[in-house]
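The block underneath contains the structure these notes are about, expressed in structure tokens.
Counting starts at 1 for both ligands and their atoms, in listed order.
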Amino acid sequence: MYRGIAVSAGVCRGKVLVMHRARHFISQREIADQDVASEVKRFEQSLAQTRKQISEVQRKVIQNMGAKEGDIFDAHLLMLEDRVLVDEVMKLIREQKMNAEYAFHAVSERYIDALAGVDDEYLRERASDMHDLTARVLDNLLEVKDAFDLRHITEPCILVGHDLSPSVTAQLNKKFVLGFATDIGGQTSHTAILARSLDIPAVVGLQAISEELETGDYALLDGYNGTVIVNPTDQTLFEYGQLLKRKASLDEKLREITTQPAVTLDGKVITLSANIEDQNDVEAVLSHGAEGVGLFRTEFLFINRESLPTEEEQYKVYREVAAALRPHPVIIRTLDLGGDKFASHLQLAKEMNPFLGWRAIRFCLAQPELFRSQLRAILRASVEGRVKMMYPMISGLDELRQANALVEKCKAELRAEKIPFNEEMKIGAMIEIPSAALIADTLARYVKFFSIGSNDLIQYTLAADRTNEKVSHLYEPTHPAIIRLIKTTVDAAHRHGIWAGVCGEIAGDPVLAPLLIGLGIDELSAAPPVVPEVKYIIRRLKLNEARALAEFALNSDSPSEIYARCQELARASAPSLFEKA
Ligand code: PEP
Ligand code: MG
């Protein structure tokens, strides 16, 4: 059995097809003076040819999978345009009289080594994009016909290779490629992202599997647990067969309730919404049976680009989302830049403690012009559907009042300009700083709802950076302090006749959702793929049992005991949710 990283869920079994690394034999040749110009030309042509091929792959991916997946190839195209890289190669050809493939290979290997050595996982993964690109350019220079042409596969198989490039992955045919396993790779690699979009089970980071397996071996690949079992016994196959049956029957049960409400066995209705990052996620909200959007993280409109989005551009996006989801509500969160989300073009100074620094509402209040364009865009979109708005990172009343005053100013401007907006648009505050939870009673008088950002609330309450794995053992959602802060917030909301929801990751965890409901939470907002499981458990829950769990949690001093009780109730209420792995 090989153990790696599970990056795309599902189980498959079948014959293995090993893809051997395409090898380029690159020898160094000295170019004669009179041939330098034609060598440069040959290099330029190979770049142009590669650009054409990648654009073609990108076009097909956009057509078959969507714009987001297509964007993956922007990185490849950008690398091809990299002047520094291209100039370096040109210089080697012109000045050192090196042949194009040798020069290009030398420079790109240096880039790959530099990327692979970086401390940042995302950048490290870009080394594999560069690999992909280099192989293509070399194929073109050396006129290697597709080293491994996946179009020739005519029988179902499990692909095994050292690495699978994003451009190859994007073209996999699900009919023949049951799953794939690679020696290297990680969760955030583009190959992994594409495998999930294609819904092909995949395990990466299996170290030397491509050297140890041979074409024709029989294997079982488990994309839930990250394992590959070679020559599985009948007993193993039987066990996996049972697992797949349970998973299929659970999927069927989850599909059946897509259009059903999230209501407990004894009639308590919970609003179950979804979290989105951009307009392309709308389809997933609807197909997973969420009732609108409880958190639209607008900062993704601001990052990965050269300049700020204009009011008009933002308006179009918010309007599109609101109209597509009407009559369901869409809660647009105002810009939450900072912490671990930065817009490179704003060039903000590096801070010692970015999560405690100039982020979210603090940043927006200090940049009224930037904030104004977002507030106006949201207000304008409010006539197109049930748009609501909330502020992130409210720490005290002053910030809330200042933000509300700016909204009033924008409303007055729009009235004067005779631009329509919904005068009654509901505004809420995120409760994600302990101070806000403790003064929820005061804040509740100035807003129409609360949405608890548990991801931040946990990190600030327990002083455990949410991105630092060294303190992840302290990051405990069932810490009694968190439970009490949630309870304080919900009680304050209800005393003032407003509702309170949770939009952090705990809202999407079927083990923790019952506890939140028991604490009186009215709305849960989670990533679209986990919405069906949360709905499933809600529909199998008795409110009095959830309340008893909350009562226990409020009186306990042990995070692990509280968590164990949550597990107990979740497993007793919906056993089939927990049988798949
Ligand atoms: C949160 O903090 O729980 C939250 C939902 O916001 P984000 O994860 O975007 O900080
Ligand atoms: Mg937050």
So if I count the atoms of ligand 1 from 1 in the order they appear, which ones are less than 4.0 Å from some heavy atom of [X]?
X	result
G453	1 (C), 2 (O), 3 (O)
L295	5 (C)
R297	4 (C), 5 (C), 6 (O), 7 (P), 8 (O), 9 (O)
C503	5 (C)

Criterion side-chain contact (heavy atoms from CB on, under 4.5 Å) on V293 and V285, from CA distance to verdict: CA-CA 7 Å; V293 165; V285 174; 4.1 Å; yes
Selection from L457, N455, D336, I458 by shortest heavy-atom distance to atom 3 (O) of ligand 1: N455
Within-4.5 Å side-chain heavy-atom neighbours: W358 and Q367: yes
R326 side chain vs E384 backbone, donor-acceptor pair below 3.5 Å: yes
R124 (side chain) donor-acceptor with G117 (main chain) under 3.5 angstrom: no
S454 N/O under 3.5 Å from ligand 1 N/O: yes
Distance-only donor-acceptor check, side chains S382 and Y318, under 3.5 Å: no
Between N404 and Y391, a side-chain donor and acceptor under 3.5 Å: yes
N, O or S from D336 under 2.8 Å to the Mg ion (ligand 2): no
Minimum-distance N/O/S atom that E432 presents toward the Mg ion (ligand 2): OE1
For the Mg ion (ligand 2), the closest N/O/S atom belonging to D456: OD2
Inter-residue atom distance K253.NZ - Y536.OH, 0.5 Å rounding: 4.0 Å
Structural part of I452 in contact with ligand 1, heavy atom criterion under 4.0 angstrom: neither
side-chain contact (heavy atoms from CB on, under 4.5 Å) evaluation trace for E69 with I62: CA-CA 7 Å; E69 285 74 14; I62 292 174; over 6 Å; no
4.0 Å heavy-atom contact, R466 with ligand 1: yes
R333 to ligand 1, any heavy atom closer than 4.0 Å: yes
